Q: 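One structure, pasted below without further comment.
Everything quoted here is computed from the prediction, not taken from an experiment. Throughout, a chain's letter reflects where its sequence line sits, starting with A, and its residues are numbered from 1.
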Amino acid sequence: MLETSKESLIALCTKGQIKQDLSRIWSHTHLISKLLKSCVDRRSLFPVQQLHSITITAGCSKTKFISNHLMNAYAKLGQLRTAQNMFDKMPDRNVMSHNILIGGFIQNGELGTAIEIFNKMGQRNSASWNAVIAGMIKFEFNDEGLRLFANMHTEGFLPDVYTLGSVLRGCAGLKDLIKGTQVHGYVMRSGSEFDLVVGSSMAHMYMRCGSLREGESVIQLMPVHNVVAWNTLIAGLVQNGCATGALDQYNLMKMAGFRPDKITFVSVISSCSDLATLGQGQQIHTEVIKAGAMSVVSILSSLISMYSRCGCLNDSVRVFDEREGAKDDHVLWSSIIAAYGFHGKGHEAIKIFNRMEREGLQANDVTFLSLLYSCSHCGLEEKGLEFFDLMIKKYKLEPQIKHYTCVVDLLGRAGHLEEAERFIRSMPIKPDTITWKTLLSACKTHKNADMASKIAEEILKIDPQDSASYVLLSNTQATAKRWQDVSKVRKSMRERMVKKEPGLSWFELKNQVHLFVMGDKSHPEFNKIDLYLKELMDELKLHGYVPDIGLVMHDMDVEEKEYNLVHHSEKMAVAFALMNTPEGFPIRIMKNLRVCDDCHVAMKYVSLVKNREIVVRDASRFHHFRGGSCSCGDYW
DNA sequence: GTAGGGTTAG
């Protein structure tokens, strides 16, 4: 049929390297289909065109088998118009021809055209359904994808592992636990729960819906694992706030003989960010270098963020400056802007943004969010409002709730409380509890107890169980010495059974994390710490420290109040750190809530009296205490 | 043909 010899055909597609398995193929048509496939894998279009003309000369270009494969190659290599032309001219299209074209359009982002082809198909098979369902879910039309899954079922097609994988991804995208659990039922009935892809997708679905336990058990029940299954588990743990568990699984994964890939690294680096365990972060950074992955943009952005959140801004800057690979990736620029902002260096953040504009890089919504955040955290109200304007007018970006909340923060921190409230009420999006809480926190900073009560009401209308708001409100009232109001807040908390989130601080010593819970005596060295704390506080008092007992919520006498204040988790952590580190060694402490006023004052005294640099990361930012003052300028 | 990830307000 074909004049061209086998060897020259193979040479054409494999750059002269004749492969054993290819030269064993006898049928020319079979060989051509194999060669086309290899061209797609190597993403080279030229040999495809060559093969096309050869088949035309040989007169076999119109056979169904060959033309389907040619069309597939064109479609996969982005030559959709050519593929469609062939499709239109095909005398006898079959289901496969349709499916190929659908897949091609989906891969090239033309979902609409793919759906059109699907709708016009007279006959479909499971693969046709799978292709459109996967496409819909890929482009986040999850609802539509799931609807199609139901249609597929009513038309008598049985879902296979491809269908189930896509559908589970759709449920994950929608965070729809109910639908996801129903699909779990299908999975069990079809006996595909042990399939690697289905299992990982299902575990991912559960974890995205917050069902950590179910996700873990799906993974554990799988008889065979691969890197993706491990990654699903590790990422699921971090995303559900279980960073310690993620790092444990990471170690187990390595012990089981799996090599972490870029996605594993991203997840574990982000765990170190959450825990602010610098030592482990550095260790993983070394592993990344050894694995030769320092040019992967997602890893670099995680590293920049990790170092910043561990209190080492210099290292963030170093990773950014020495970045290999994509120098113009806007995510890296956004990361470094956020890193500066996290440390209260708004002017530096703005400089980076200006450089970004000069270099013609496209800032996106995240860039602006980081920028607004940086401005509000160092009192650059005017600048921040300018950027908000720039974002809308010049960059044509539609602000999201997060951006609006930043603006509220900008206005509120600067003391323009009424303007902030007006701004919230005039927003085109409905404010959420976070937006209101931002304003409430500004009320506390500026000691406006009346407004605080009003704003707290708004929040409790949306979420009556929001403990942080009760605490903020009560603290604001306490600052204004409105004791009756304080007890009113506490009463309603009791009535509604709202529990205050306990204050936690932790400190990393020799790669081990020591956790301190407010008022908790369970640390093995509690007695020693307690004794040391007492001495420390007395020493601070000699230098002028006065405990701010107004902040303690409970009805107690002065001595008890002081005792309570002394056992705030960050004070216990700093005592433990002072006891266990050499003189002059900087101390890094992390806290889950915002640092309280009294601890903030005490830390300043500690840094002065003990001549130590203390870095405290609280729920919203960093505080660098040195020589009796704090980098936040008492503004947090 | 299929799965898992990064920067981001409080």
Q: Are A:H416 and A:F423 close enough that their ring centres sit under 6.0 Å apart?
A: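 No, they do not, as the ring centres are separated by 6.0 Å or more.
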Q: Students often get this wrong, so: under 4.0 angstrom with heavy atoms, is A:R309 touching a base, only sugar-phosphate, or nothing?
A: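 The answer is sugar-phosphate, as A:R309 gets under 4.0 Å only of primed atoms, P, OP1 or OP2.
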Q: If you look at every strand shown and take non-hydrogen atoms under 4.0 Å, does A:L196 touch a base, only sugar-phosphate, or nothing?
A: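 Base: the residue A:L196, judged by heavy atoms under 4.0 Å, touches a nucleobase.
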Q: Could you please name the option among B:dG6, B:dT8, B:dG10 that lies closest to any side-chain atom of A:K402?
A: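 Nucleotide nearest to A:K402's side chain: B:dT8.
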Q: Taking OP1 and OP2 of B:dT8, is either one under 4.0 Å from a side-chain nitrogen or oxygen of A:H403?
A: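 For B:dT8, neither OP1 nor OP2 has a side-chain N or O of A:H403 closer than 4.0 Å.
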Q: Can a donor-acceptor pair under 3.5 Å be found between the side-chain atoms of A:S301 and the base atoms of B:dG6?
A: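 Counting by modelled atom types and ignoring angles, a donor-acceptor contact under 3.5 Å is found here.
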Q: Quick check on A:K138: does its NZ atom have over 12 non-hydrogen neighbours (other residues, nucleotides or ligands) under 6.0 Å away?
A: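 More than 12 within 6.0 Å, yes.
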Q: Looking at A:S305, does any N or O in its side chain come under 4.0 Å of the phosphate oxygens OP1/OP2 on B:dT8?
A: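 For B:dT8, OP1 or OP2 has a side-chain N or O of A:S305 closer than 4.0 Å.
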Q: Ring centroid separation for A:H153 and A:F157, is it under 6.0 angstrom?
A: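 No, ring centres 6.0 Å or more apart.
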Q: For this output row, return yes or no: ring centroids of A:H225 and A:F258 closer than 6.0 angstrom.
A: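 Centroid separation for A:H225 and A:F258: 6.0 Å or greater.
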Q: Looking across every strand, which nucleic acid part, if any, lies under 4.0 Å from A:V227 by heavy atom: base, sugar-phosphate, or nothing?
A: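 Base contact.
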Q: Heavy atoms from C-beta onward define the side chain here; which of B:dT8, B:dA3, B:dG6 lies closest to that of A:A338?
A: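 The listed nucleotide nearest to A:A338's side chain is B:dT8.
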Q: Can a side chain N or O of A:R621 be found less than 4.0 Å away from OP1 or OP2 on B:dA9?
A: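 No, outside the criterion.
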Q: From the options B:dG1, B:dT7, B:dA3, select the nucleotide whose nearest atom is closest to the side chain of A:V228.
A: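 Selected nucleotide: B:dA3.
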Q: Check every atom of B:dG10, B:dA3, B:dG5 against the side chain of A:S201 and return the nucleotide holding the closest atom.
A: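 Nearest nucleotide to the side chain: B:dA3.
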Q: Go through the structure and list residues passing side-chain contact (heavy atoms from CB on, under 4.5 Å) with A:L196, not counting sequence neighbours.
A: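 With neighbours one apart ignored, the set is A:M222, A:N226.
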Q: Provide, to the nearest angstrom, the distance between the CZ atom belonging to A:R169 and the C1' atom belonging to B:dG1.
A: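 Rounded to whole Å, this separation is 14 Å.
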Q: Should A:Q239 be listed as having a side-chain N or O under 4.0 Å from OP1 or OP2 of B:dG6?
A: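 Looking at the OP1 and OP2 atoms of B:dG6, one of them is under 4.0 Å from a side-chain N or O of A:Q239.
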Q: Output yes when at least one side-chain N/O atom of A:H377 is less than 4.0 Å from OP1 or OP2 of B:dA9, else no.
A: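 For A:H377, the contact criterion (side-chain N or O under 4.0 Å from OP1 or OP2 of B:dA9) is not met.
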